[in-house]
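Worksheet: one structure, shown below.
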Amino acid sequence: MDISTLSIMCVEDIGPRTYFSLIQAFGSAEAVLQQDKSSLMQVKDIRESQADAIVNKIYQKMLERQLEQSRKKSVKIITYGDEDYPDILRQIYNPPLVLLYQGEFSEKDDPAFGIVGMRYPDDYGKQMCYTIASDIAKKDICIVSGMAKGIDSIAHRAALDHGARTIAVMGTSFDIIYPAENKHLYREIRKNGIVCTETLFGRQQVPAHFVRRNRIISGLSRGVLVVQAGHKSGALVTAFNANEQNRDVFAVPGDVLKGRHTGCHRLIKLGAKIVEKSEDILCEYPFIQDKMKAQGDLFIQGQIKKKLSKEEESVLTVLNKEGVHIDMIFYKCDLDRAAIMKALLDMELKGYIKRGKGNYYSRNI
């Protein structure tokens, strides 16, 4: 755990964008905490109240609360720069800078698959969710969801029933296990997987936290299945996040007369893959993570042999098959922006990489 990163995140309303702006300006979280107010105010996205909080160490009380409560509740804290931070989550555009969790991360968590849907599904939705999630779990694939009522709970239950790992991403802090009726499920999941949140101890619980956590569900997953969702369902936010993160999106069709599947039908119209049975996912989804990593290493070695420039090599090592956002490339590469953009353009012209939607770049393999 990087205590400096945790300290910055203890400042009210600092999120990934502001954090990375500060890191780009000063080089490290530790250096950020050593700046004076005038220097901090030169950084894009930072407010005066946040600069004051850093300079005057107003975050200290909140920091002490995190350390104390995490010890009391046996909650671990992991920060973005830590070696054991989930690599797949590190690749998204706005990764959580701090994750609080119970349980243990495992190599078996990648590949993982997200399953989400409405809180009050009908019998059809319940049956489809449990059946499909069970088939995925039987393949020893980790299932990720949000531990909410309905589809989320059913997906977690299917994983637990079939001995697979499961990850629950909460929209609340560990101060409150929500919904209360899922406390028994929470206890099972932390023994057989992970319960995690980016919401710090003592933070006010607001609806926006549930929206923000959806990007983590999709970020930890190789693909996301929406089982049942209306036109205003929060599950659609997870699906749209998945699309932005270059994840696969799947949806289960339903009865058009009932009006309880309009969200899924909307996703299908936008290009989500229709799922009627688990094979519709399993036959398309690339699960062999070790093989993918091996292929990636061989690809880099092959390109170096072709005498790429040092700048191109540096940028290429940051990229992956799924796609990395341009802001993350700027952050991870020890090069100026002009050199990075030139390297990206040159490699794209050579056919080594490709540019996707939303300024994501991936290896062309």
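The structure presented is a predicted model; accordingly, all values stated were derived computationally and were not measured. The figures that follow rest on heavy atoms only: side chains count, while hydrogens, waters and symmetry mates do not. For this chain, numbers begin at 1 and follow the sequence in order.
The residues K273 and D248 are annotated as salt-bridged, a charged nitrogen and a carboxylate oxygen being separated by less than 4.0 angstrom. Ion pair R47/D13 flagged as a salt bridge, since at least one NZ, NE, NH1 or NH2 atom sits closer than 4.0 Å to an Asp/Glu carboxylate oxygen. Look at K354 and E348 and you find no salt bridge, because none of the NZ, NE, NH1 or NH2 atoms lies under 4.0 Å from a carboxylate O. Ion pairing of E244 with R215 is absent here, as no side-chain N (NZ or NE/NH1/NH2) approaches a carboxylate O to less than 4.0 Å. We find that E311 and K342 are not joined by a salt bridge, their nearest charged nitrogen and carboxylate oxygen being 4.0 Å or further apart.
Sorted by first then second residue, the ring-ring contact (aromatic ring centres under 6.0 Å, His included) pairs that include residues 192-227, not counting sequence neighbours, are Y178-F210.
In this structure, the side chains of H325 and I92 stay at 4.5 Å or more apart for every pair of heavy atoms. The shortest side-chain heavy-atom distance between I151 and V226 does not fall under the 4.5 Å cut-off. The side-chain heavy atoms of K76 and E104, taken from C-beta on, include a pair separated by under 4.5 Å. V11 places a side-chain heavy atom less than 4.5 Å from the side chain of Y59. Contact annotation: the side chain of N192 never approaches that of T166 to less than 4.5 Å [non-hydrogen atoms, C-beta and beyond]. No side-chain heavy atom of I78 sits less than 4.5 Å from a side-chain heavy atom of L100. Residues F174 and Q102 meet the side-chain proximity criterion, which asks for heavy atoms closer than 4.5 Å. In this structure, the side chains of V144 and I115 stay at 4.5 Å or more apart for every pair of heavy atoms.
Both V116 and Y186 are members of a single hydrophobic cluster when ILVMFWY side chains are connected at heavy-atom separations under 4.5 Å. By the criterion of side-chain heavy atoms lying less than 4.5 angstrom apart, applied directly or through intervening Ile, Leu, Val, Met, Phe, Trp or Tyr residues, V169 is grouped together with L160 in one hydrophobic cluster. Under the 4.5 Å side-chain heavy-atom criterion for ILVMFWY residues, a single connected hydrophobic cluster contains both Y85 and M9. Linking Ile, Leu, Val, Met, Phe, Trp and Tyr whenever their side-chain heavy atoms come within less than 4.5 Å leaves I154 and I167 in two separate clusters. No continuous path of ILVMFWY side-chain contacts below 4.5 Å connects I340 to Y93, so the two sit in separate hydrophobic clusters.
Taking the salt bridge (Lys or Arg N to Asp or Glu O under 4.0 Å) definition, one finds that D82 meets it with nothing, sequence neighbours left out. Remark: K37 engages E48, D52 in a side-chain hydrogen bond (donor to acceptor under 3.5 Å, both in side chains) (not counting sequence neighbours). Here R119 pairs with nothing under the side-chain hydrogen bond (donor to acceptor under 3.5 Å, both in side chains) rule; sequence neighbours left out.
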I would like to know whether T79 and D2 meet side-chain hydrogen bond (donor to acceptor under 3.5 Å, both in side chains); could you show each step before the answer? CA-CA 6 Å; T79 50; D2 180 1; 5.3 Å; no

Steps toward side chain to side chain contact (heavy atoms under 4.5 Å, CB included) verdict (M62, R203): CA-CA 9 Å; M62 189 65 171; R203 286 280 192 242; 3.5 Å; yes

One pair to check against side chain to side chain contact (heavy atoms under 4.5 Å, CB included): Q34 and V55. What are the steps and the verdict? CA-CA 8 Å; Q34 297 171 355; V55 172; over 6 Å; no

Can F250 and F113 be said to form a ring-ring contact (aromatic ring centres under 6.0 Å, His included), step by step? CA-CA 11 Å; F250 301 85; F113 197 79; 5.7 Å; yes

Does the side-chain hydrogen bond (donor to acceptor under 3.5 Å, both in side chains) test come out yes or no for D36 and S39, once each step is laid out? CA-CA 6 Å; D36 57 31; S39 298; 2.8 Å; yes

Might you work through the side chain to side chain contact (heavy atoms under 4.5 Å, CB included) test for R260 and Y120, ending with a clear yes or no? CA-CA 10 Å; R260 306 197 73 213; Y120 299 99; 4.1 Å; yes

Decide side-chain hydrogen bond (donor to acceptor under 3.5 Å, both in side chains) for T172 and Q205; before the verdict, give the C-alpha distance in whole Å, the side-chain angles of both, and the deciding distance to 0.1 Å. CA-CA 6 Å; T172 63; Q205 309 303 324; 4.7 Å; no

Please report the C-alpha distance between Q50 and E12 in whole Å, then the side-chain angles of each, then the deciding distance to 0.1 Å, and finally whether the side chain to side chain contact (heavy atoms under 4.5 Å, CB included) criterion is met. CA-CA 7 Å; Q50 294 169 335; E12 192 73 32; over 6 Å; no

I would like to know whether D45 and S21 meet side-chain hydrogen bond (donor to acceptor under 3.5 Å, both in side chains); could you show each step before the answer? CA-CA 7 Å; D45 301 321; S21 294; 3.2 Å; yes

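Taking CD1 of I136 as the reference point, atom OG1 of T131 lies at 11.0 Å (rounded to 0.5 Å). Here CE of M347 is found 4.5 Å from CD1 of I353. Values are rounded to the nearest 0.5 Å. With rounding to the nearest 0.5 angstrom, the CE atom of M1 is 5.0 Å from the CD1 atom of I77. Atoms CD and OG, from Q69 and S74 in turn, are 11.5 Å apart once rounded to the nearest 0.5 Å.
Under the 3.5 Å distance criterion, the side-chain polar atoms of Q60 are left unmatched by any main-chain donor or acceptor of K57. With hydrogens and angles ignored, the 3.5 Å screen pairs no side-chain donor or acceptor of N359 with any backbone N or O of I326. Put simply, the side chain of Q228 never gets that close to the backbone of G117: no donor and acceptor are under 3.5 Å apart. Using a distance-only test at 3.5 Å, with no hydrogens or angles considered, a donor-acceptor pair links the side chain of D109 to the main chain of S106. Between the side chain of R213 and the backbone N or O of E198, no donor-acceptor pair lies under 3.5 Å. For the pair D280 (side chain) and K277 (backbone), a donor-acceptor distance under 3.5 Å is present. The main-chain N or O of A31 is found under 3.5 Å from a side-chain atom of S28 such that the two form a donor-acceptor pair. A donor-acceptor pair under 3.5 Å is formed between the side chain of R247 and the backbone N or O of S221.
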Counting only pairs under 3.5 Å, give me each side-chain donor-acceptor contact of residues 329-336, with atom names and distances, residues two or more places apart or in other chains.
unit_1	atom_1	unit_2	atom_2	d
D336	OD1	A338	N	3.2
D336	OD1	A339	N	2.7

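The cationic group of R157 does not satisfy the cation-pi geometry with Y130, failing either the under 6.0 Å distance to the six-membered ring centre or the 45° limit from the ring axis.
With ring centers used as reference points, H261 lies under 6.0 Å from Y124.
Counting only N and O atoms by type, the side chains of D161 and S134 include no donor and acceptor under 3.5 Å apart. Looking only at atom types and distance, the side chain of R337 has a donor-acceptor partner in the side chain of Q24 under 3.5 Å away. Side-chain contact, D123 with Q127: no donor N or O sits under 3.5 Å from an acceptor N or O. A side-chain donor-acceptor contact under 3.5 Å links D152 and S145. Residues T197 and Y101 have side chains that never bring a donor and an acceptor to within less than 3.5 angstrom of each other.
Within 6.0 Å of the CD atom in Q204, the count of heavy atoms belonging to other residues, nucleotides or ligands does not exceed 12. For R266, the CZ atom sits in a loose shell: 12 or fewer heavy atoms of surrounding residues, nucleotides or ligands are nearer than 6.0 Å.
Taking a 4.5 Å side-chain heavy-atom cut-off between Ile, Leu, Val, Met, Phe, Trp and Tyr, the cluster of I274 extends to I268.
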